[in-house]
Protein chains: 2
Amino acid sequence: MSDLLERLRGRGWRMTAQRRVVAEVLAGDHVHLTADEVHARAVAKLPEISRATVYNTLGELVSLGEVLEVSTDKRAKRYDPNAHRPHHHLVCAQCGAIRDVHPTGNPMADLPDSERFGFTVSDVEVTYRGVCPNCAKA
Amino acid sequence: MSDLLERLRGRGWRMTAQRRVVAEVLAGDHVHLTADEVHARAVAKLPEISRATVYNTLGELVSLGEVLEVSTDKRAKRYDPNAHRPHHHLVCAQCGAIRDVHPTGNPMADLPDSERFGFTVSDVEVTYRGVCPNCAKA
DNA sequence: GGCTTGACTTGGACAAAGTCCAGGATAGGA
DNA sequence: TCCTATCCTGGACTTTGTCCAAGTCAAGCC
């Protein structure tokens, strides 16, 4: 965790209380929070932190590659701190719960040149959808 | 195309000018439009059509399985009329252009039971990201 | 063709998620 | 300690989408 702060400092980040709090929130559990949830948790640690700052900080973490933006089909983007180990997502269509998964195989290799239309393909995102055990019970 | 209207009538749809226009817009080019773009094109054919109706109609088409909702990481959902042939998407990270693609392999089979966490998995969505030839030039 | 009726549409208000900005605060170097 | 570029704040604004009461109209029935 403080690795993260170190890395960021190394990249010229000015270390403010607000940024530290946002980083802590993300590193806390290994979860997939929305920006608003991050804000709510950050406020618990630093009451005056503003929404704008949370959005800015998340945006910076994403563009530095420290955090992934996940857009399931829910309304809000979610932020995934597990950026350094490639993985995909399994989403419950009912409650929106998200789990990280590691499928076998390499989807990148499954897209032949003839299907690339001249694009320079750099990334694949695989989202499995289904119903989680909890929702299946109900 | 009029197949679609036929199918919908068969399912008890009341055939209104508005619904016809929305269906025509989607069937026009084979594109991936946002709700607002659909609305804009619909207005060109039927000036009084309201946003609410476009949203309603798109929602109905989706739940009837005639149209797919695609959430790339862009802000707005897009609507894909190509619902009857399974396919995935290739998205330009710069301009947002979307192409339908047909990878080889079966990503569904690549998720072992041990990685399903008790979920009943019913669907996979694969999104390739990259840069399209147009944006690569610029 | 003319009624009837329940489904459809409308426009505007509302909500959620996110962006932008001017002005004030502060981290970190000199 | 002081300076200054960077960062934060709060609020206004935008975009995307939903909801609702009231009016309209497609389709079946005569």
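All values derive from a computational prediction rather than experimental measurement.
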Undergrad: Side-chain donor or acceptor of B/R51 under 3.5 Å from a matching atom on the base of C/dG11?
TA: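 There is none.
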Undergrad: Through what angle, rounded to 10 degrees, does the axis of the helix from C/dG1-D/dC30 to C/dA30-D/dT1 turn between its ends, using five pairs per end?
TA: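 The helix from C/dG1-D/dC30 to C/dA30-D/dT1 shows an end-to-end axis angle of 30°.
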Undergrad: D/dC19, D/dA27, D/dT18: which one has an atom nearest the side-chain heavy atoms of B/M15?
TA: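 Side chain of B/M15 sits closest to D/dA27.
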Undergrad: Report yes if at least one side-chain N or O of A/T34 is closer than 4.0 Å to OP1 or OP2 of C/dA17; otherwise report no.
TA: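 No, no such contact exists.
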Undergrad: Which residues satisfy the salt bridge (charged side-chain N to carboxylate O under 4.0 Å, His left out) test with B/R19, sequence neighbours excluded?
TA: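 Testing B/R19 for salt bridge (charged side-chain N to carboxylate O under 4.0 Å, His left out), a comparison that skips the adjacent residues, returns B/E60.
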Undergrad: Does the base of D/dG17 carry an N or O that pairs as donor and acceptor with the side chain of A/R75 under 3.5 Å?
TA: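 No, no donor-acceptor pair under 3.5 Å.
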Undergrad: What is the nucleic acid contact for B/T16, judged by heavy atoms within less than 4.0 Å: base, sugar-phosphate only, or nothing?
TA: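 B/T16: backbone/sugar contact only, no base atoms under 4.0 Å.
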Undergrad: Are A/W13 and A/L5 grouped together when hydrophobic residues (ILVMFWY) are joined by side-chain heavy atoms under 4.5 angstrom apart?
TA: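 Yes, one cluster joins them.
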Undergrad: What is the ring orientation for A/H32 with A/H89, classed by angle as parallel under 30°, tilted 30 to 60°, or perpendicular over 60°?
TA: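 The rings of A/H32 and A/H89 stand perpendicular, inter-plane angle above 60°.
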Undergrad: Determine yes or no for a side-chain-to-main-chain donor-acceptor pair under 3.5 angstrom, with A/Y128 supplying the side chain and B/P107 the backbone.
TA: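 The answer is yes, because a donor-acceptor pair under 3.5 Å joins these two groups.
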Undergrad: The side chain of B/R14 is closest to which nucleotide in this list: D/dT6, C/dG6, C/dG18?
TA: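 That would be C/dG6.
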Undergrad: Distance from B/D80 atom CG to B/I98 atom CD1, nearest 0.5 Å?
TA: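 If I round to the nearest 0.5 Å, the distance is 8.0 Å.
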Undergrad: Are any of the side-chain nitrogens in A/R78 or A/E37 under 4.0 Å away from the carboxylate oxygens of its partner?
TA: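 Result for this pair is yes, salt bridge flagged.
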